[in-house]
2 protein chains.
Amino acid sequence: MAQTTEVPGQGNQDDEQRLAASVAAPEPPSGITDEATHVDTRQRILDVALDLFTEQGYDGTSLRQIAERLGVTKAALYYHFESKEDILLALHMRIHEFGQKAFLSMGDEPVTLEQWGALVDEIAVQMLAQRKIFLMHERNQAALEKLHNEAHDAEHDDIQNKLRQVLADPRVPLTDRVRMAASVGVVFSGLVLSGEAFDEATDEELGSQLRAIIHNVLFG
Amino acid sequence: MAQTTEVPGQGNQDDEQRLAASVAAPEPPSGITDEATHVDTRQRILDVALDLFTEQGYDGTSLRQIAERLGVTKAALYYHFESKEDILLALHMRIHEFGQKAFLSMGDEPVTLEQWGALVDEIAVQMLAQRKIFLMHERNQAALEKLHNEAHDAEHDDIQNKLRQVLADPRVPLTDRVRMAASVGVVFSGLVLSGEAFDEATDEELGSQLRAIIHNVLFG
DNA sequence: GTCTATATAGGGATAGAC
DNA sequence: GTCTATCCCTATATAGAC
């Protein structure tokens, strides 16, 4: 399994070097170097939050818990994030950006089963590589929705909304749309619903088998 | 408190049938009830809670909101339920009981694809008939898990746990287990993930097509 | 950047009148 | 069965020292 069962205090090298521009980070020490020393506390906060949000849910997790597991105090968190929601938002950006990219290729024309197959394959790969963040997302839909509403983005290009949008397209035959939805469900179940049941398999094995089933669902 | 509650698991039939404003609620046979128009408040609380818990999440919903929408005060709720968790528990029992029944036939022997197919078909039917409660369940996994832990039941026979238990059975070939999980994902996606995208189809149409895909996934 | 201490709000829950 | 009023606790968030 690609997921490391890391110890709470330790930094895990995930994939999160890219969300800097998204949330207003408090400007670190202005100007002068002094940089290298400590490994991003901000990042460590996000790591811990990701775990706790997944285990207990966003609402079920208090800042005190996050701080405790991190070995700091609540107040310290507020140096790095403006609010609790801000932490959730930072985590959310990863999936959001991925969704943007994944659906980029899609225009306004009705989607074909072939296009969809390629898209779902891509989603499957990403989900396998970023299992944790997807799990967190799945288990905190309510909180994330609220977040989304408050952010008056006017842009509902969340991955789920995009999905539904395509699946509701009346120009595509219903039978095709049901197949499309089902194919997503296949990916979904393999990673989320199954829990730890498939840890014995490598991501590659799992991925290839899922893709086979997906193909079967779409074109079988 | 001297709770005069009837047994939580039995008194509540479903909730969805009543959105046709059915007045056939079994009023306790207490002789003279002048207010014949008044339908079981307990049931109305559950109806409202089901909606709000689904929309906003369990944690995101306050008793004040439930009471407000119902036109009563918070305190009134406590006549019908011991706690907020009790409301969630009452809603949970419906799925729980279904899960008990659905998995009843399964013993300790490794499950076959055929058995699984029958089970998933049954789940699909139930999900279609009780969409709302399944949606609520899906969107409040964290809260329900917590509830489950606190419930001293020592019995973890939740439907999801049963599912995972079977899917982790090492005596069943991995390829089969992946197929099994995928088949559940198909049902799941058709009902939950798709949102309102398939409202144009009747439950029968949707159900039969889902079953076809499921069959394909398991045996294709 | 992190701490101690505190402000403030909201939510769950109870008491007791009606 | 429902109401008013209140208690209590936890959680987010802030102020200011170090």
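Any value given below was found using the heavy atoms of this structure, including those in side chains, with hydrogens, waters and symmetry copies removed. Throughout, a chain's letter reflects where its sequence line sits, starting with A, and its residues are numbered from 1.
- Ring pair Phe188(A)/Phe188(B) is parallel by interplanar angle, where below 30° counts as parallel and above 60° as perpendicular.
- For the pair Thr54(A) (side chain) and Leu135(A) (backbone), a donor-acceptor distance under 3.5 Å is absent.
- What separates CG of Leu70(B) from P of dG1(D) is a distance of 14 Å, to the nearest Å.
- Sorted by residue number, the list of members of residues 51-69 of chain B with any non-hydrogen atom under 4.0 Å from DNA chain D is empty.
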>> side chain to side chain contact (heavy atoms under 4.5 Å, CB included) for Gln126(B) and Ile133(B)? Distances and angles first, verdict last.
In response: CA-CA 10 Å; Gln126(B) 285 294 336; Ile133(B) 192 76; over 6 Å; no
> Arg177(A) and Glu200(B): salt bridge (Lys or Arg N to Asp or Glu O under 4.0 Å), yes or no, with the steps?
Replying inline: CA-CA 12 Å; Arg177(A) 278 148 57 203; Glu200(B) 48 178 295; 2.5 Å; yes
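- Of the N and O atoms on the side chains of Glu138(B) and Gln141(A), at least one donor lies less than 3.5 Å from an acceptor on the other residue.
- Note on the helix from dG1(C)-dC18(D) to dC18(C)-dG1(D): angle between the axes of the first and last five pairs equals 10°, rounded to 10 degrees.
- OP1 or OP2 of dT2(C) lies within a sub-4.0 Å distance of a side-chain N or O belonging to Thr41(A).
- At the phosphate of dC3(C), OP1 or OP2 sits under 4.0 Å from a side-chain N or O atom of Thr73(A).
- Taking atom NZ on Lys84(B) and atom P on dT14(C), their separation rounds to 15 Å, with Å as the unit.
- In this structure, the nucleotide among dA15(C), dA13(D), dA15(D) sitting nearest to the side chain of Lys74(A) is dA13(D).
- Atom-to-atom, CD1 of Ile45(B) to C1' of dG1(D) comes out at 10 Å; the value is rounded to the nearest Å.
- Ionic pairing of Arg64(A) and Glu68(A) is present here: one or more N-O contacts between side-chain nitrogen and carboxylate oxygen are shorter than 4.0 angstrom.
- As a whole-Å value, the separation of Glu85(B) CD from dG12(C) C1' is 11 Å.
- Rounded to an integer number of Å, the gap from CZ of Arg42(B) to C1' of dT2(D) is 17 Å.
- Remark: the backbone N or O of Gly57(A) is not paired with any side-chain donor or acceptor of Arg139(A) at under 3.5 angstrom.
- Whole-Å rounding puts the Tyr79(A) OH to dT14(D) C1' distance at 16 Å.
- Ring geometry for His137(B) against His92(B) counts as parallel: the plane angle stays under 30°, on a 0 to 90° scale with 60° as the upper cut.
- Applying the 4.0 Å criterion to OP1 and OP2 of dA13(C), one finds that Tyr78(B) has a side-chain N or O inside that range.
- Using a distance-only test at 3.5 Å, with no hydrogens or angles considered, a donor-acceptor pair links the side chain of Gln65(B) to the main chain of Ser62(B).
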